[in-house]
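Just so it is clear: chains get the letters A, B, ... in the order the sequence lines come, proteins before strands, and each one is counted from 1.
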Number of protein chains: 2
Amino acid sequence: MNSKVNPNIRLEDLARALKLSIATVSRAISDSPRVKPETKKRVKAMAEKMGYRPNQIAKSLSSGKTNVIGVIIPRYDEPFFIEVCRGIDHIARKYNYRIVISSSRNSYKFEKENTFAFEKGVVDGVIMSFTHHTKTFTHVDEMISRGLPVVLFDNVSSKIKGAAHVIIDDYESAFQATDLLIKENNKSIGYISGTVMKTVFNKRFDGFKEAHIRNNQVYDEKHILNCKSIHQEHEYREVYNFLNKLEHMPNAFFCSTDNYAMLTIKALIKLGYKVPRDVKVMGFGNLHYSSMFTPELSSVSQPSFYMGEVSAEILISKIEKDYYFEDGKDEVILPTKIVQRETTR
Amino acid sequence: MNSKVNPNIRLEDLARALKLSIATVSRAISDSPRVKPETKKRVKAMAEKMGYRPNQIAKSLSSGKTNVIGVIIPRYDEPFFIEVCRGIDHIARKYNYRIVISSSRNSYKFEKENTFAFEKGVVDGVIMSFTHHTKTFTHVDEMISRGLPVVLFDNVSSKIKGAAHVIIDDYESAFQATDLLIKENNKSIGYISGTVMKTVFNKRFDGFKEAHIRNNQVYDEKHILNCKSIHQEHEYREVYNFLNKLEHMPNAFFCSTDNYAMLTIKALIKLGYKVPRDVKVMGFGNLHYSSMFTPELSSVSQPSFYMGEVSAEILISKIEKDYYFEDGKDEVILPTKIVQRETTR
DNA sequence: CTGTTAGCGCATTCAG
DNA sequence: CTGAATGCGCTAACAG
């Protein structure tokens with residue numbers, strides 16, 4: 001039963017106060033052309049006066065539209081995702097949508113739960129990024145088969161039919177970054193990465209290799225580290241130990257994330273090296289605190305905010321016009337940019 | 001008009017397939033004791049088989065309960081708030097609630113909009129933190145008067161009747177931090193802060209002063225800076241210029257946020273000082289990247305995650321049991337902790 | 001233990 | 001231009 005909830009004004013209350021029917025009031029509120037301007041004015045004035053606020057739930061149930069976009073991200077505590085959410089939010093507001101953010105807390109199980117929660121006319125569409133553990137996609141297929149528009153961003157390993165994809169070119173970006181390091185006369189370059197975001201990391205590593213090939217430079221397998229740890233502190237130990245055991249320290253490191261870059265720099269400093277004087281470091285991601293780091297971090301800049309904006313635009317297009325892209329494509333690749341700060345100077 | 005939306009199974013479909021009434025099916029699904037175990041089994045099996053998923057919207061409209069908690073934060077891109085959200089989410093899930101996060105993008109106008117959006121039986125309760133511009137609280141009063149439970153956390157300048165408050169003791173925390181700096185033999189201590197979060201900053205400054213008084217130490221007005229700028233880079237310039245013009249550099253700085261601490265350190269380094277060798281720095285907030293900073297930042301640790309957890313517990317208590325605290329209080333003060341890392345060693 | 005009935009608040013036919 | 005009637009899918013009295 002509706003026990004305590006709304007001591008709220010409903011259309012019916014307005015209707016009674018105005019001696020009009022509910023239907024007319026409803027139409028007046030939603031600015032239907034089928035109602036006399038004067039009546040509209042009266043209704044709106046009264047609505048204002050009585051403090052009427054439409055009940056979104058009832059509205060949704062009746063119209064089948066919620067004006068809510070569901071967002072599923074692997075985790076809250078990664079600035080990249082937050083930036084994307086901000087971008088989504090920005091566009092969503094423009095089109096009068098609200099967003100609901102759910103974290104899968106880096107677990108496939110929760111990710112699935114989240115998609116289930118979104119399946120129901122609770123949202124008009126979903127924007128999501130997979131956890132690193134997500135290998136099967138039936139949960140996404142199910143949303144799509146129920147007619148929910150779905151936009152996938154970042155970390156999209158394989159395409160999913162019926163969804164749109166917003167990504168960056170990891171391979172190309174890593175290539176550019178490495179190429180730049182080589183062109184700036186770094187004769188030996190190491191690579192520090194991890195094992196978690198496998199698909200993405202592989203592409204970045206491929207770009208790293210390709211840049212060496214095209215420049216006729218070789219890299220030393222001993223200068224490659226793929227951290228197995230997960231937690232910040234363990235990762236740090238691993239990086240530290242790796243660097244500590246190196247016979248020859250390379251001139252530069254390309255790191256597959258800004259996080260690894262910071263860990264690397266921290267370890268290098270601990271080991272008595274100066275960055276960038278002795279060793280240069282390039283990160284990937286350009287997190288918002290990269291520039292607050294000392295020394296300021298050079299990094300491949302992913303357009304995170306923009307990525308959110310684009311994702312939202314595409315999703316809303318699908319919701320309202322039934323297509324993701326005018327030209328029928330199902331993917332957009334966003335450009336990256338290398339931001340050179342202190343660590344590669 | 002319910003145009004395309006759900007090609008979905010409803011209770012009615014199950015009822016027909018099972019030759020039962022809708023009511024019984026509904027009860028079976030929600031595990032009511034008033035239905036034969038065997039029937040329950042049949043219903044659940046069929047529900048599973050047909051892929052039934054309850055329509056949350058309809059459920060909410062009918063029951064007046066949404067199991068959604070609305071969260072309003074000033075901004076997404078501040079790790080502190082994200083941590084709080086994670087804490088909220090953690091507890092919310094435990095009690096089978098979902099959370100909806102809205103950012104007021106640091107604007108009072110948007111904050112108000114957000115509270116309006118939440119007013120409607122769209123959420124069962126609201127957890128929020130004010131922007132720095134929020135001086136009037138009618139929007140909150142309105143939510144409360146409509147019967148919405150409200151929990152306010154952080155940055156709570158004055159108490160609001162009918163809401164619960166989850167805060168830290170800014171005064172005491174700043175006192176402790178300064179006291180520690182004094183006890184560790186820093187003969188002159190500067191204070192770097194801003195003007196935006198006035199109420200909070202004032203309390204922290206009061207703590208700073210009190211520690212001096214109690215230790216019979218004086219501070220130099222010339223060593224106090226309250227940044228007027230807002231944007232990161234302008235703030236940095238302001239800090240830099242301030243430090244640059246100082247005749248005597250203090251032994252240590254207490255900064256009212258980690259952000260100011262990092263800016264301060266960055267500027268100090270630029271000016272040729274070593275941290276902590278020449279100057280020590282203490283921050284406030286203990287953001288998650290404080291430990292990744294080089295040198296690692298000492299800071300007053302706000303229990304952000306825990307603050308979220310506590311807020312959620314209190315809110316859900318109010319929602320389900322109609323009281324925030326068993327003892328009728330309306331406020332809880334969470335303890336802080338000074339985390340000493342490299343910058344004060 | 002199960003079925004019948006009546007809303008939740010709104011949008012939207014269909015009649016005037 | 002306005003009103004009366006119907007239903008979105010579900011829950012919860014009220015009856016049996």
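- The distance from atom CG of A:L11 to atom P of D:dT2 is 16 Å, rounded to the nearest whole Å.
- Taking the centre and axis of the six-membered ring of A:F118, the NZ or CZ atom of B:R98 falls outside the cone set by 45° and 6.0 Å.
- Between D:dC10 and B:Y52, a contact under 4.0 Å exists linking OP1 or OP2 to a side-chain N or O.
- Salt bridge status for B:E309 with B:K94: absent, with no side-chain N to carboxylate O gap under 4.0 Å.
- No cation-pi contact links A:R75 to A:F81, judged by a cut-off of 6.0 Å to the six-membered ring centre and 45° from its axis.
- Taking 3.5 Å as the limit, the base of C:dG7 and the side chain of B:S62 contain a donor-acceptor pair of atoms between them.
- Each of A:R10 and A:A23 has a nearest nucleotide on DNA chain C; the 5'-most of these lies closest to A:R10.
- Listed pair B:S63 / D:dT11 fails the phosphate criterion, with no side-chain N or O lying under 4.0 Å from OP1 or OP2.
- No N or O donor and acceptor, one from the side chain of A:R27 and one from the base of C:dT12, sit under 3.5 Å apart.
- Side-chain proximity of A:P37 to D:dC1, C:dG9, C:dC10: nearest is D:dC1.
- Donor-acceptor pairing under 3.5 Å is recorded for the side chains of A:E313 and A:Y95.
- Considering only side-chain N and O atoms, A:S60 lies nowhere under 4.0 angstrom from the phosphate OP1 or OP2 of C:dC10.
- Listed pair B:R34 / C:dC1 fails the phosphate criterion, with no side-chain N or O lying under 4.0 Å from OP1 or OP2.
- Regarding contacts with the backbone of C:dG3, a side-chain N or O of B:S21 is found under 4.0 angstrom from either OP1 or OP2.
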